[in-house]
K.L.:
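Please read through the structure below; I'll follow up with questions.
Computed over heavy atoms, backbone and side chain alike; hydrogens, waters and symmetry mates excluded. In what follows, chains are A, B, ... by sequence order, proteins preceding strands, each numbered from 1.
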Amino acid sequence: MENKLTIYNTLTRKKEVFEPINPPHVGMYVCGPTVYGDAHLGHARSGINFDILFRYLKYLGYKVRYVRNITDVGHLENDADSGEDKIQKKARLDQLEPMEVVKYFTDRYHQNMDHLNNLHPSIEPTASGHIIEQIELVKKILENGYAYESEGSLYFDVEKYNHDFQYGKLSGRRIEELLQNTRELAGQEEKKNAFDFALWKKADPKHIMHWPSPWSEGYPGWHLECSAMGKKYLGETFDIHGGGMDLLFPHHESEIAQANAAMGHDPVKYWMHNNMITVNGQKMGKSLNNFITLNEFFTGRHSALDQAYKPMTIRFFILQAHYRSPLDFSTDALKAAEKGMHKLFEAYHLLENLKPSKTSSIEIKSFENKCFEAMNDDLNTPMVIAQLFELAKAINLVNSGRESLTQNDIEQAKALMKLFLFDLLGLKDEKQEDDSELIDYLMGTLLKIRQEAKEKKDYATADMIRNELAKLKIQIKDTKEGAKWSFL
RNA sequence: GGUACCGUGGCCGAGUGGCUAGGCGGAGGUCUGCAAAACCUUAUACAGCGGUUCGAAUCCGCUCGGUACCUCCA
């Protein structure tokens with residue numbers, strides 16, 4: 001592997017050269033959605049960013065096992081482990097079985113991810129399917145003395161843990177500060193300290209999602225599923241754990257604590273976190289009620305949207321920012337992305353008909369080097385895209401005869417575009433294609449009539465044809481080689 | 001209040017000591033019956049004030065402004 005991939009490790013707050021624990025195998029775990037609502041733009045971001053990582057690692061020759069969980073239980077509705085399970089709340093409101101809600105939103109999530117052209121993870125485990133593993137993990141933590149029972153529930157003893165290990169090493173928090181700053185919240189009497197978190201919660205009688213355990217009829221704490229499933233499918237220590245920045249604390253912090261408490265060592269070598277998507281500079285999120293779901297983007301049905309946006313536009317928009325930077329949403333930015341992406345595709349198609357020369361005035365190899373350099377630099381996709389734009393410009397110049405490329409270089413350019421644009425960035429040209437012979441023939445006839453009208457200077461007829469077709473979202477382009485048409 | 005991060009041209013967004021980022025939009029041009037599309041060229045920048053340095057958007061300090069996490073969240 002001549003490519004030196006570096007990734008930013010949240011744990012060390014530095015970029016580090018990526019070296020797998022057991023090459024050529026790589027284990028990566030990414031926190032997936034809680035399936036009680038439609039996925040929004042934020043879910044798209046983490047889905048896409050870790051898809052890029054998955055694709056690139058595979059390209060580099062690693063055998064990657066990519067695990068992304070579905071949280072379908074145990075996610076508490078509000079504060080302090082005393083709230084109501086999110087899935088259950090939604091189920092009660094809709095008069096549905098909890099698992100019906102889970103199925104519905106899981107399917108929609110999958111559909112959205114497919115539209116965004118994200119590859120499927122290798123394994124997609126559900127929390128509800130791993131209750132036994134979670135109970136086993138709790139037992140271990142209890143055995144090792146880092147948990148205590150209270151009223152049928154089990155809590156993680158953060159203070160004791162911090163004594164032997166270090167709670168807060170991922171998020172840079174100190175326990176003394178947590179002590180000072182934790183607010184007074186109701187329903188915490190069972191806990192020794194406000195920052196202790198639930199490993200197992202006893203279900204109250206109203207609670208319909210519950211499982212038997214040695215302690216009570218109940219359900220597992222939120223942080224547990226990732227610890228249990230990561231361990232099960234990737235081992236006690238694995239390479240990469242990813243997720244949104246908002247999960248850094250307390251979720252990932254607690255995962256580290258659970259692993260140490262159970263196994264005595266850290267679970268993960270590289271922690272990666274993608275930044276948030278903002279609207280007018282503010283985080284897009286459920287609590288702020290300013291999120292736009294992916295389905296709303298795809299259909300255009302949302303008051304903040306002026307039109308429908310294609311999944312690839314969303315993907316390109318997201319990839320134009322580095323994953324660790326906040327990304328501000330606006331329809332203008334989205335439109336700019338749409339146009340820019342179109343330009344890249346046009347250049348790619350141009351390569352098919354480019355006239356080769358005896359010599360090349362452009363060095364394709366340097367574009368390639370820069371693209372790899374950018375990918376290796378903590379997945380700098382905006383830099384990759386900038387390089388592809390440069391390449392597109394070069395292709396256009398060759399097309400206009402101002403620069404030249406040999407046949408061999410044209411092939412290289414094509415391979416380069418294909419590799420980065422389609423295989424690694426995972427974009428695809430979604431232009432509506434209707435190449436049925438009938439349409440082709442009809443369009444050919446219409447264009448012929450229009451051409452004849454133009455030759456007779458009957459511009460009224462020529463323009464009428466153009467205008468009528470425009471209503472069908474068919475665009476006529478008069479080029480030097482004659483009129484061409486395409487769907488908008 | 002604690003912790004972390006950020007402030008780049010009309011908009012989005014890379015870069016982090018000296019070398020054009022890029023896209024959208026604007027302006028000019030090529031093409032065209034007109035238009036659209038496409039292509040080419042081009043202008044506009046590093047929040048403010050100090051400091052370090054031969055040299056700072058990039059390092060340091062202060063000020064102002066903003067965001068995230070500290071409670072569920074991608």
K.L.:
Rounding to the closest angstrom, what is the interatomic distance between B:A36 and B:C49 at atom P?
P.N.:
43 Å
K.L.:
Over all strands shown, is A:Asp328 touching base, sugar-phosphate only, or nothing at heavy-atom distances under 4.0 angstrom?
P.N.:
sugar-phosphate
K.L.:
For B:U16, what is the paired nucleotide under Watson-Crick or G-U wobble rules, both distances under 3.5 Å?
P.N.:
none
K.L.:
Under 4.0 Å between a Lys/Arg side-chain N and an Asp/Glu carboxylate O for A:Asp51 and A:Arg315?
P.N.:
yes
K.L.:
Among all residues two or more places apart in sequence or in another chain, which pass the salt bridge (charged side-chain N to carboxylate O under 4.0 Å, His left out) test with A:Lys454?
P.N.:
A:Asp478
K.L.:
Where do N or O atoms of nucleotides 35-38 of chain B meet protein N or O atoms at under 3.5 Å, pair by pair?
P.N.:
unit_1, atom_1, unit_2, atom_2, d
B:A35, N6, A:Asp478, OD2, 2.8
B:A35, N1, A:Arg466, NH1, 3.1
B:A35, N3, A:Arg466, NH1, 2.9

K.L.:
I'd like to know if A:Lys343 and A:Glu346 make a salt bridge, using a cut-off of under 4.0 Å between side-chain N and carboxylate O.
P.N.:
no
K.L.:
Under 3.5 Å for both donor-acceptor distances, Watson-Crick or wobble: does B:A68 have a partner, and if so which one?
P.N.:
B:U3
K.L.:
Using the C1' atoms only, state how far B:U52 lies from B:C59, rounded to an integer number of Å.
P.N.:
8 Å
K.L.:
Across the strands shown, which category fits A:His40 at heavy-atom distances under 4.0 angstrom: base, sugar-phosphate, nothing?
P.N.:
base
K.L.:
All N/O contacts under 3.5 Å from nucleotides 15-21 of chain B to the protein, with atom names and distances to one decimal?
P.N.:
unit_1, atom_1, unit_2, atom_2, d
B:G15, OP1, A:Asn380, ND2, 3.3

K.L.:
Considering residues at least two apart in sequence or located in another chain, which fulfil the ring pair (Phe, Tyr, Trp, His ring centres under 6.0 Å) criterion with A:Tyr270?
P.N.:
A:Phe18
K.L.:
Under 4.0 Å, heavy atoms only, any strand: does A:Leu397 hit a base, just the sugar-phosphate, or nothing?
P.N.:
sugar-phosphate
K.L.:
By the 4.0 Å heavy-atom rule, please label A:Leu334 as base, sugar-phosphate, or nothing.
P.N.:
nothing
K.L.:
Using a 4.0 Å heavy-atom cut-off, does A:Gly42 contact any base of the nucleic acid, only the sugar-phosphate backbone, or nothing at all?
P.N.:
base
K.L.:
Can you tell me, in whole Å, how much space there is between the P of B:G61 and that of B:C6?
P.N.:
13 Å
K.L.:
Rounded to whole angstrom units, what separation is found between the CG atom of A:Asn467 and the C1' atom of B:C34?
P.N.:
11 Å
K.L.:
What residues form a ring pair (Phe, Tyr, Trp, His ring centres under 6.0 Å) with A:Phe316, not counting sequence neighbours?
P.N.:
none
K.L.:
Would you mind pulling out the nucleotide paired to B:U32, Watson-Crick or G-U wobble, both distances under 3.5 Å?
P.N.:
none
K.L.:
Which whole number of Å gives the distance between the C1' atom of B:U44 and that of B:G50?
P.N.:
27 Å
K.L.:
On RNA chain B, does the nearest nucleotide to A:Pro33 precede the nearest nucleotide to A:Phe317 from the 5' side, or the other way round? Give the residue.
P.N.:
A:Phe317
K.L.:
Salt-bridge test for A:Lys471 and A:Glu468: reply yes if a basic N is under 4.0 Å from a carboxylate O, no otherwise.
P.N.:
yes
K.L.:
Both distances under 3.5 Å, Watson-Crick or G-U wobble: report the partner of B:A43, or none.
P.N.:
none
K.L.:
Sort and list the pairs that fulfil salt bridge (Lys or Arg N to Asp or Glu O under 4.0 Å) and have at least one residue in residues 271-284 of chain A, not counting sequence neighbours.
P.N.:
A:Asp246-A:Lys283
K.L.:
Check ring pair (Phe, Tyr, Trp, His ring centres under 6.0 Å) between A:Tyr104 and all other residues, then give those that pass, not counting sequence neighbours.
P.N.:
none
K.L.:
Could you tell me whether A:Gly243 contacts a base, only the sugar-phosphate backbone, or nothing, with contacts defined as non-hydrogen atoms closer than 4.0 Å?
P.N.:
sugar-phosphate
K.L.:
Sequence neighbours excluded, which residues qualify as salt bridge (charged side-chain N to carboxylate O under 4.0 Å, His left out) partners of A:Arg173?
P.N.:
none
K.L.:
Do we see A:Tyr459 stacking on the base of B:G33, given a limit of 5.5 Å between centres and 30° between planes?
P.N.:
yes
K.L.:
At 4.0 Å (heavy atoms only), tell me whether A:Met284 reaches a base, stays on the sugar-phosphate, or touches nothing.
P.N.:
base
K.L.:
With A:His115, which of A:Phe297, A:Tyr309, A:Phe298 fulfils ring pair (Phe, Tyr, Trp, His ring centres under 6.0 Å)?
P.N.:
A:Phe298
K.L.:
For residues A:Glu124 and A:His110, is any side-chain donor paired with an opposing acceptor at under 3.5 Å?
P.N.:
yes
K.L.:
Taking the C1' atom of each, how far is B:G23 from B:U8, in whole Å?
P.N.:
15 Å
K.L.:
Calculate the interatomic distance between A:Leu350 atom CG and B:C39 atom C1'; express it in whole Å.
P.N.:
10 Å
K.L.:
Take atom P in B:C34 and the same atom in B:A21, then report the distance between them in whole Å.
P.N.:
37 Å
K.L.:
Name all residues meeting the side chain to side chain contact (heavy atoms under 4.5 Å, CB included) criterion together with A:Asp409; count only those two or more places apart in sequence or in a different chain, and write none if there are none.
P.N.:
A:Ser360, A:Ile364, A:Leu405, A:Thr406, A:Gln412
K.L.:
In whole Å, what separates the P atom of B:G9 from that of B:A57?
P.N.:
14 Å
K.L.:
Can you pull out every side chain to side chain donor-acceptor pair (under 3.5 Å) where at least one residue sits in residues 329-340 of chain A? Sequence neighbours excluded, please.
P.N.:
A:Asp306-A:Lys335
K.L.:
Is there a donor and acceptor pair closer than 3.5 Å between the side chain of A:Asp332 and the base of B:G10?
P.N.:
no
K.L.:
Please produce a list of atom pairs where a protein N or O lies less than 3.5 Å from an N or O of nucleotides 64-69 of chain B.
P.N.:
unit_1, atom_1, unit_2, atom_2, d
B:A68, OP1, A:Lys283, N, 3.3
B:C69, OP1, A:Lys283, NZ, 2.3
B:C69, O2', A:Arg173, NH2, 2.9
B:C69, O2, A:Arg173, NH1, 3.4

K.L.:
For A:Phe156, which residues count as a ring pair (Phe, Tyr, Trp, His ring centres under 6.0 Å) partner, sequence neighbours excluded?
P.N.:
A:Tyr161, A:Phe197
K.L.:
Both A:Lys393 and A:Gly244 contact RNA chain B. Which one's nearest nucleotide lies toward the 5' end?
P.N.:
A:Lys393
K.L.:
Applying a 3.5 Å limit to both distances, which nucleotide forms a Watson-Crick or G-U wobble pair with B:U53?
P.N.:
none
K.L.:
Could you give the distance separating B:A47 and B:A43 at their C1' atoms, to the nearest angstrom?
P.N.:
23 Å
